[in-house]
2 protein chains.
Amino acid sequence: MTRETHSHDHGRAPAGLTKNQSLVFGALSRAEGPLSAYTILDQLRDDGFRAPLQVYRALDKLVETGMVHRLESLNAFVACSHPGCDSHETIAFAICETCGKVAEISDEPLEERIRELAGKDGFSVKRAVVELRGLCAACSQA
Amino acid sequence: MTRETHSHDHGRAPAGLTKNQSLVFGALSRAEGPLSAYTILDQLRDDGFRAPLQVYRALDKLVETGMVHRLESLNAFVACSHPGCDSHETIAFAICETCGKVAEISDEPLEERIRELAGKDGFSVKRAVVELRGLCAACSQA
DNA sequence: CACAACATTGTAACTATATTACATTTTGGA
DNA sequence: TCCAAAATGTAATATAGTTACAATGTTGTG
């Protein structure tokens with residue numbers, strides 16, 4: 001079976017994740033690109049998932065801890081691509097509209113410029129959504 | 001009646017807009033902040049709107065011409081705030097999570113930095129989604 | 001005018017995305 | 001053990017967007 005955890009372990013693979021969180025994170029990690037909540041649901045039917053809420057609850061937690069990012073312009077989710085998932089400093093995403101792959105971008109000057117712009121208007125930024133839609137290097141030369 | 005156009009004019013108020021486009025643009029212009037497609041639909045029931053598609057079709061065109069912007073992180077739409085709607089150079093939106101108002105931001109250095117970042121990866125940007133979520137000046141001092 | 005070509009509109013059904021409400025089970029500590 | 005909190009299960013519903021097809025209106029041309 002494909003089940004990732006079982007027996008007395010009662011399902012919590014990586015760092016303090018519950019069973020459902022592990023399953024959802026696993027699905028996103030196996031994927032090449034972003035997945036919608038409902039695609040994840042379909043992939044986890046065999047693991048006992050039946051309802052959207054099971055996915056959304058796990059996603060909420062994973063997004064909260066930074067292990068997963070939500071792509072607003074796609075209504076989809078990706079596993080954070082930072083190896084140990086320790087520094088989730090991502091500020092932007094480059095989303096290829098041909099192959100679907102997503103690159104994470106961290107850039108201090110960009111953050112700085114955003115803070116500056118906001119500050120000028122007295123706007124206090126809680127979260128910045130920066131998503132670049134276009135073609136990745138591989139796809140644009142094809 | 002509130003109808004904006006009638007008689008032999010056959011409905012095309014501002015610049016080459018069709019009747020439905022005018023109605024949708026009117027609804028967005030009257031609003032203080034962004035509206036969802038379904039909210040627009042509800043507001044236009046009295047003008048004969050019955051189905052979502054009537055709204056989405058008009059929105060498609062309005063967004064295409066830049067008179068209306070789509071806010072990806074909100075699944076909603078706003079009328080462009082540039083007076084004559086001639087230069088739609090907006091690159092970013094500042095969305096207040098308290099009062100719901102949206103400010104448009106144009107900033108050449110920001111655009112430049114984004115182009116630079118993308119170029120470094122060989123990524124070719126077709127569209128940049130930049131939405132700042134937070135508190136506007138008025139709401140943050142309250 | 002007549003007619004063809006095209007754009008716009010109307011309507012229904014459907015797919016996709018996300019949340020609310022409530023019941024049950026699991027887990028960890030006093 | 002027993003309780004409280006966290007996690008899970010399930011159903012129903014709300015919200016967002018699309019597909020398919022029919023009808024109507026508009027415009028240019030012979």
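A note on names: the letters A, B, ... follow the listed sequences, proteins ahead of strands, and every chain is numbered from 1.
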At less than 3.5 Å, do the side-chain atoms of Y38(B) and the base atoms of dA14(D) form a donor-acceptor pair?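 Answer no: no donor N or O sits under 3.5 Å from an acceptor.
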Assess whether one donor atom and one acceptor atom, taken from the side chain of R57(B) and the base of dG17(D), lie less than 3.5 Å apart.
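It does not, because no donor-acceptor pair links the side chain of R57(B) to the base of dG17(D) below 3.5 Å.
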Check the phosphate of [N] against [X], side-chain N and O only, distance under 4.0 Å to OP1 or OP2. Yes or no?
X: T18(B); N: dA7(C); result: no
X: Q54(A); N: dT8(D); result: no
X: N20(A); N: dG9(D); result: yes
X: N75(A); N: dA16(D); result: no
X: R70(A); N: dA18(C); result: yes
X: S36(A); N: dA16(C); result: no

(Q) Stacking between dT19(C) and Y56(A), yes or no? Criterion: centroid separation under 5.5 angstrom, plane angle under 30 degrees. (A)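 Stacking is absent between dT19(C) and Y56(A), given that the ring centres and planes do not meet under 5.5 Å and under 30°.
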Residues [X] and [Y] bridged, charged N to O under 4.0 Å:
X: E72(A); Y: R70(A); value: yes
X: K61(B); Y: E64(B); value: no
X: E108(A); Y: R115(A); value: yes

**Request:** Apply side chain to side chain contact (heavy atoms under 4.5 Å, CB included) to the pair F77(B) and V63(B), showing each step before the final yes or no.
**Result:** CA-CA 9 Å; F77(B) 303 82; V63(B) 167; 4.2 Å; yes
* **P52(B) vs F49(B), nearer the 5' end of DNA chain C by closest nucleotide** =>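 Per heavy-atom nearest nucleotide, the more 5' residue is F49(B).
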- Between L53(B) and F77(A), just flag the one whose closest nucleotide in DNA chain C comes earlier from the 5' side.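 Nearest-nucleotide comparison on DNA chain C picks L53(B).
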Query raised in the report: Between L74(A) (CG) and dA18(C) (P), how many Å, whole number?
Result: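 Rounded to the whole Å, the gap is 11 Å.
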- Whole angstrom is fine here: how far is it from CZ in R50(A) over to C1' in dA23(C)?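 So the CZ-C1' distance, R50(A) to dA23(C), works out to 18 Å.
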